[in-house]
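Here the structure is laid out as structure tokens; the discussion comes afterwards.
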Amino acid sequence: MTDIQTAIEFARQNRERFLDELKTFVSMPSVSTSDEHKADVARTAEWVAEQLRSLGMSRVAVMPTGGHPAVYGEWLGAGKKAPTVLIYGHYDVQPVDPLDLWKSDPFEGVLRGEYFFGRGVSDMKGQVLASMKAVESAMSAGKLPVNVKWLIEGEEEVGSKNLGPFIQKHSDLLKADVCLNPDAGMMSADLPTITYGLRGLCYLELRVYGPAKDLHSGLYGGTIHNPAQALTELVAGMHDKNGRITLPGFYDKVRKLTKQERAAFASLPVKDRELLKQTGVKALWGEPAFIPAERVGARPTLEVNGLLSGWTGKGSKTVLPAYAMAKISCRLVPDQTPEDVVRQMKAYLRKNAPKTVRWELDELTHSGWAITDLNSRGVQAMSRALETVWGKKTLFRREGGSIGVVVHLQQYAGVESVLTGFGLPDDDIHSPNERLHLPTWHKGIEALVHFIYNMKV
Ligand code: BES
Ligand code: MN
């Protein structure tokens, strides 16, 4: 047997153990956005470091950043002439609420049919573990043909804002020929996918203040501008009837799609029917001049992520609230920047906010858009690996999510990423009952094994 066959056989023999390990990983509530989980996040970083040590990695360290720690490890035994693959992952997860919609404990990891359920199973603890298990499988077969480095961070789900400076500071340590980033999913279980574009993000919090305190809505209603109303009027005005964003200058830097790009989007198997099924909506929405794949991959958006004001408990309370708040985020495309959007939002608010209220705006987090190099060795190695396992041509697409590290690595370390992953569009990432399709996960581990051998010079 060749090393690669031995490695694949090892992966197949150990599927059950791999899943047990995923269950342990998922049981740690590493929610990066809430202080409440800080200790859990730290404990998860330690667990990741322990996994890297047991893989035989050296220089394993839980390294401080300005926020949650990042985990590093390396194995450079393939020598200076062999390529070095930096494997990226994030061990943090999104919050679980609304908790009552989960059919099982989000931090238990429960098997139902072909799916494994739990927060982070798909995004992206399952993908991190898949990378570890692919390396373990290859190491079991003999000496690895490539050097590997690991960067597993704990702040991706809050925008990786401390990772840029971290990469800058440790750019020598993180030097690599390519970064494997399995955080970008695939188009469907039978469509092996490499993602070459991601949108950026600018996440804002808008607060509107009216009266000094909550008031009786009968005694004051009609004389005072309700901040909830003022806020929602402002928010409603941020789109026009055609779904275009009205912030002044918002589209100025948005690149026009070329004929070729539009043809590429049109050829992707994105079906309206599938989108309706995945989301449960009555009808799709968005700019009529663009098809859904373009609207997700190459057009910017403005979304309300949350609204808060007044009485939201059970029953009624006749109150005129003192305060209203909206969380608003924009997904950005080339060549927009988060700074532009903050400025444009402020200009919009200055122009449109009524004199009756006071407003405040904060930027909570941001992330740059990314386009990755499709001609890199890494992309070719991955494309062949996926085709070997799936027996189908690899699809190349631009996706609408954001992954901060991709730009940081380009900017501060000159490293290009290969974006792939084995999460599916209906995995319900960030939603209740997040799940991982196990047959796809197992194929993914095998594809990563092939990738490692394909990278060999
Ligand atoms: N893995 C996702 C992003 C993703 C999903 C990319 C599917 C491509 C396909 C990532 O973990 C994520 O959700 N990122 C956040 C980042 C944000 C907080 C800056 C996002 O996009 O909301
Ligand atoms: Mn995510």
Side-chain angles (χ1 to χ4, degrees), residues 26 30-34 67-68 88-96 106 118-128 130-131 152-164 180-188 191-205 268 270 275 278 293 296-298 300-306 327-333 336-338 341 363-372 395-408 417-432 434-437 440 444:
V26 168
S30 48
V31 180
S32 51
T33 199
S34 61
H68 297 303
Y88 166 85
H90 64 83
Y91 64 83
D92 65 322
V93 298
Q94 289 272 338
V96 295
R119 173 54 89 227
V121 286
S122 173
D123 183 11
M124 69 168 298
K125 287 177 172 174
Q127 318 300 330
V128 171
S131 309
I152 314 293
E153 67 151 321
E155 297 197 305
E156 195 279 339
E157 297 292 5
V158 287
S160 304
K161 76 167 162 233
N162 296 297
L163 201 64
L180 163 65
N181 185 332
D183 194 24
M186 57 194 294
M187 293 198 69
S188 76
L191 295 172
T193 309
I194 289 177
T195 297
Y196 68 94
L198 293 166
R199 289 193 288 191
L201 185 83
C202 173
Y203 201 114
L204 305 167
E205 182 176 293
L268 291 175
V270 179
L275 290 170
Q278 277 161 26
V296 167
T301 62
L302 182 150
E303 298 290 338
V304 177
N305 299 112
K327 307 258 187 192
I328 298 171
S329 65
C330 293
R331 295 283 170 174
L332 310 179
V333 301
Q336 294 176 294
T337 70
V341 173
E363 189 195 49
L364 301 188
T365 189
H366 64 247
S367 174
W369 54 263
I371 301 284
T372 61
L395 273 175
F396 294 89
R397 61 138 179 207
R398 286 168 66 175
E399 172 58 69
S402 309
I403 308 176
V405 70
V406 179
V407 190
H408 296 324
S417 296
V418 181
L419 289 158
T420 187
F422 312 103
L424 302 177
D426 59 1
D427 279 350
D428 282 332
I429 63 174
H430 298 201
S431 298
E434 177 176 351
R435 64 187 191 174
L436 179 69
H437 187 234
T440 302

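Start at 1 with the first residue, then count along the sequence. Only a predicted model underlies this, so the values are computations on that prediction, with no experimental measurement involved. One-based numbering, in listed order, for ligands and for the atoms of each.
A donor-acceptor pair under 3.5 Å is absent between the side-chain atoms of Glu157 and the main chain of Ser32, judged by distance alone. Between the side chain of Arg331 and the backbone N or O of Gly401, no donor-acceptor pair lies under 3.5 Å. Between the side chain of His408 and the backbone N or O of Ser160, at least one donor-acceptor pair lies under 3.5 Å.
Taking 4.0 Å as the cut-off, Gly404 does not count as a neighbour of ligand 1 on heavy-atom distance. The closest approach between a heavy atom of Met124 and any atom of ligand 1 is not below 4.0 Å. Proximity of His90 to ligand 1 is established by a heavy-atom distance of less than 4.0 Å.
Between the Mn ion (ligand 2) and His90 there is no N/O/S contact shorter than 2.8 Å. Checking Glu157 against the Mn ion (ligand 2), an N/O/S atom falls under the 2.8 Å cut-off. Taking backbone and side-chain atoms together, Glu156 has no N/O/S atom less than 2.8 Å away from the Mn ion (ligand 2).
We find the CE-OG1 distance between Met187 and Thr195 to be 8.5 Å, quoted to the nearest 0.5 Å. The distance from atom CD of Glu303 to atom OH of Tyr203, rounded to the nearest 0.5 Å, is 10.5 Å. Atoms CG and CD, on Leu419 and Glu399 in that order, are 10.5 Å from each other to the nearest 0.5 Å.
For ligand 1, the atoms closer than 4.0 angstrom to any heavy atom of Leu201 are 17 (C), 19 (C). Atom numbering of ligand 1 starts at 1 in the shown order; those under 4.0 Å from a heavy atom of Asp123 are 1 (N), 2 (C), 10 (C), 11 (O), 13 (O).
At a threshold of 4.5 Å between non-hydrogen side-chain atoms, the residues Met186 and Leu424 count as touching. Side-chain contact between Glu153 and Tyr88 is present, with at least one heavy-atom pair separated by less than 4.5 Å. For the pair Arg435/Asp427, a side-chain contact is recorded, criterion being any heavy-atom separation below 4.5 Å from C-beta on.
Shortest contact from atom 7 (C) of ligand 1 to any protein heavy atom: Ala184 O, 4.0 Å. Nearest protein neighbour of atom 3 (C) of ligand 1, counting heavy atoms only, is Ser402 O, 3.8 Å. The closest protein non-hydrogen atom to atom 5 (C) of ligand 1 is Ile429 CD1, 3.8 Å. Of the protein's heavy atoms, Asp183 O, 3.7 Å lies nearest to atom 4 (C) of ligand 1. Regarding atom 10 (C) of ligand 1, its nearest protein heavy-atom neighbour is Glu156 OE2, 3.2 Å. Closest protein heavy atom to atom 8 (C) of ligand 1: Glu399 CG, 3.1 Å.
Applying the side chain to side chain contact (heavy atoms under 4.5 Å, CB included) test between Met124 and each of Ile403, Ile429, Asp183 identifies Asp183 as the sole match.
Using a 3.5 Å distance cut-off with no hydrogens or angles, the side chains of His90 and Asp123 do pair a donor with an acceptor.
Taking any N or O of His430, backbone or side chain, at least one lies under 3.5 Å from an N or O belonging to ligand 1.
Within Asp123, the N, O or S atom lying nearest to the Mn ion (ligand 2) carries the name OD2.
Comparing Glu157, His366, Arg331 by heavy-atom distance to atom 20 (C) of ligand 1, the nearest is Arg331.
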